[in-house]
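Here the structure comes first, spelled out in structure tokens, and everything after it is commentary.
A quick note: this is a predicted structure, and the numbers were derived from the prediction, not measured. Chain letters run A, B, ... following the sequence lines, proteins first and then strands; every chain starts at 1.
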2 protein chains.
Amino acid sequence: MASSRAPAKRASSKKERRLESETLILAAAEKVFSEAGFGGATMQLIADVAGLPKANLHYYFPTKEALYRQVVQNIFQIWLQAADIFDKADGPAEGIGAYIDAKMEISRRHPAGSKVWATEVMHGAPVIQDYLETTLLDWTKGRADVIRRWIDQGLMDPVDPDHLLYMLWATTQHYADFGHQIETLNGGAALSEDQWVAAKTSVKQIILRGIGATR
Amino acid sequence: MASSRAPAKRASSKKERRLESETLILAAAEKVFSEAGFGGATMQLIADVAGLPKANLHYYFPTKEALYRQVVQNIFQIWLQAADIFDKADGPAEGIGAYIDAKMEISRRHPAGSKVWATEVMHGAPVIQDYLETTLLDWTKGRADVIRRWIDQGLMDPVDPDHLLYMLWATTQHYADFGHQIETLNGGAALSEDQWVAAKTSVKQIILRGIGATR
DNA sequence: TCGGTTCCTGACCGTATGGTCAAAAACAAA
DNA sequence: TTTGTTTTTGACCATACGGTCAGGAACCGA
């Protein structure tokens with residue numbers, strides 16, 4: 001059927017298959033780490049979830065810590081990408097509004113990752129301290145500058161940019177990190193589509209009014 | 001010197017000494033659990049922090065889980081007490097403002113407890129699910145009623161009470177749970193007295209304005 | 001078909017963990 | 001002092017964990 005010479009159809013090359021395995025393992029690891037924490041997670045359980053023998057995990061990731069580190073890094077990348085919206089906006093209502101939407105969406109679609117990040121930071125960021133001190137610090141400074149500019153332009157009330165950013169992180173990530181609590185308070189059911197819309201609307205309404213964002 | 005018959009001075013009765021030991025162990029446990037999570041914490045380390053032999057811990061708390069459960073329960077009690085302020089207020093500006101102050105103060109003075117709670121909930125609340133379904137659910141409903149009354153009285157804008165409560169929890173607890181991240185972004189130093197005041201002010205300002213709280 | 005490389009895996013190992021226990025110490029009542 | 005109870009502790013145990021390794025399977029270019 002398929003041609004024989006060139007890498008036809010989807011014959012999955014070596015590199016592709018390696019990436020596939022790594023992705024499979026990382027997904028299982030993210031799930032298990034988010035549910036049990038680093039200390040509570042076991043390589044055996046991750047292997048079971050991934051449907052692979054434990055020894056195979058150690059072929060792709062030499063140690064538990066290396067695997068964990070990769071999981072945390074992946075999440076951090078997703079965080080950062082969502083932040084591009086911030087800069088491209090003309091004003092706070094658009095920029096911060098879109099940022100809230102983006103982060104709420106991540107909390108909804110990627111809750112496990114958020115939990116792993118939260119746990120890591122709560123335990124003193126033993127594995128990703130360098131990221132906090134470099135990438136995150138730079139990012140925060142840049143965004144604080146944008147907020148200050150908006151304030152100077154009279155597009156929003158004068159508020160402390162740092163504390164505003166903390167509030168944005170806290171509020172949006174709460175829907176992932178404390179999703180179980182919210183679910184319980186919601187009668188044991190996950191938030192429906194409508195409820196997610198209401199959540200986004202509430203968060204945006206309160207914060208945007210709170211900072212007097214006009215445009 | 002001291003009289004001999006009656007339980008003079010502070011001769012620390014049996015029950016008192018038992019309570020002392022338990023409190024000592026609980027304090028050590030809270031610290032270790034908050035830094036390492038349930039799985040990462042070891043009875044040996046808790047014993048070292050408490051300055052006691054490991055076997056002694058098992059005399060007061062039969063299992064690791066029993067000790068952990070007690071730690072979580074203690075924290076929950078502190079949460080609940082802070083909430084009394086809510087009801088005694090005449091309006092949202094006073095009630096929610098005081099609630100924010102109280103919760104921010106807990107985050108500052110009791111960060112370890114907040115972290116243990118957060119980790120517990122993130123892992124699906126395996127130990128305190130019953131508390132979520134009973135005490136917390138009742139409390140939340142009661143507070144939502146208060147908020148709805150304030151809205152009906154025109155003291156604040158119509159906002160979804162549940163999402164407002166989530167925002168209050170998320171924002172205030174963020175200063176405990178993500179304290180390490182905040183500290184790092186603050187140049188490696190803990191927030192100063194002034195910075196804590198600024199934090200409280202920012203949070204109250206944004207949220208109270210955000211909900212249009214007039215009084 | 002062959003040779004080399006990558007990938008897979010069961011069996012195994014040293015260590016650290018939660019928990020037990022029996023005996024000693026400390027304490028309290030008589 | 002004597003007797004009974006509570007508290008303390010080192011030594012110990014079974015288990016489970018992260019990680020290793022050697023040998024086999026699968027794959028691939030020539």
Side-chain angles (χ1 to χ4, degrees), chain A residues 2-26 28-29 32-33 35-72 123 126-127, chain B residues 2-26 28-29 32-33 35-72 123 126-127:
Chain A
S3 70
S4 53
R5 192 73 55 80
K9 285 270 179 177
R10 278 280 124 216
S12 69
S13 72
K14 260 189 289 184
K15 279 206 171 178
E16 274 170 345
R17 278 190 297 113
R18 174 163 203 113
L19 198 69
E20 245 175 71
S21 294
E22 285 178 356
T23 306
L24 177 69
I25 294 169
L26 283 168
V32 173
F33 280 134
E35 287 169 1
F38 179 81
T42 69
M43 293 298 270
Q44 184 61 63
L45 183 54
I46 296 173
D48 290 348
V49 171
L52 292 165
K54 183 177 68 125
N56 204 357
L57 265 62
H58 282 99
Y59 175 73
Y60 287 101
F61 300 92
T63 66
K64 186 185 180 185
E65 192 174 321
L67 175 55
Y68 175 77
R69 191 179 177 89
Q70 191 62 54
V71 168
V72 177
H123 293 356
V127 172
Chain B
S3 71
S4 54
R5 191 74 53 81
K9 287 272 181 176
R10 281 277 125 223
S12 67
S13 71
K14 260 189 291 183
K15 277 206 171 176
E16 274 171 343
R17 278 191 296 113
R18 176 165 201 112
L19 198 70
E20 246 176 70
S21 294
E22 285 178 358
T23 306
L24 178 70
I25 293 169
L26 283 168
V32 173
F33 280 134
E35 287 169 0
F38 180 82
T42 69
M43 293 297 270
Q44 185 61 63
L45 183 54
I46 295 173
D48 291 347
V49 171
L52 293 167
K54 183 177 68 125
N56 205 355
L57 266 62
H58 282 99
Y59 175 73
Y60 288 100
F61 300 92
T63 66
K64 186 184 179 184
E65 191 173 323
L67 175 55
Y68 174 77
R69 191 180 177 88
Q70 191 63 55
V71 168
V72 177
H123 294 357
V127 173

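The two atoms that bring B:Ile46 and B:Ile25 nearest to each other are CG2-O, 4.3 Å, heavy atoms only. Heavy-atom minimum distance, B:Leu26 versus B:Gln70: CD2-CG, 3.6 Å.
Considering CZ of A:Phe38 and CD of A:Glu65, their distance stands at 5.5 Å, rounded to 0.5 Å.
Protein atom CG of B:Leu19 is 16 Å distant from nucleotide atom C1' of D:dT7, rounded to whole Å. What separates CD of B:Glu22 from P of D:dT6 is a distance of 15 Å, to the nearest Å.
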Side-chain atoms of residues 49-62 of chain A: list all donor-acceptor pairs with protein atoms under 3.5 Å, sequence neighbours left out, distances to 0.1 Å.
{"residue": "A:Tyr60", "atom": "OH", "partner": "A:Ser21", "partner atom": "OG", "Å": "3.3"}

Can A:Phe33 and A:Leu67 be said to form a side chain to side chain contact (heavy atoms under 4.5 Å, CB included), step by step? CA-CA 10 Å; A:Phe33 280 134; A:Leu67 175 55; 4.3 Å; yes
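Side chains of A:Glu20 and A:Leu24 form no contact here, defined as non-hydrogen atoms less than 4.5 Å apart.
A sub-4.0 Å separation between OP1 or OP2 of C:dT6 and a side-chain N or O of A:Arg18 is absent.
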Per-nucleotide protein contact along nucleotides 8-22 of chain D, 5' to 3', at a 4.0 Å heavy-atom cut-off (B base, S sugar-phosphate only, - neither), is BBB------SBBBB-
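Summary of helix geometry: the two end axes of the helix from C:dT1-D:dA30 to C:dA30-D:dT1, each defined by five base pairs via their C1' atoms, are inclined to each other by 20° (rounded to 10°).
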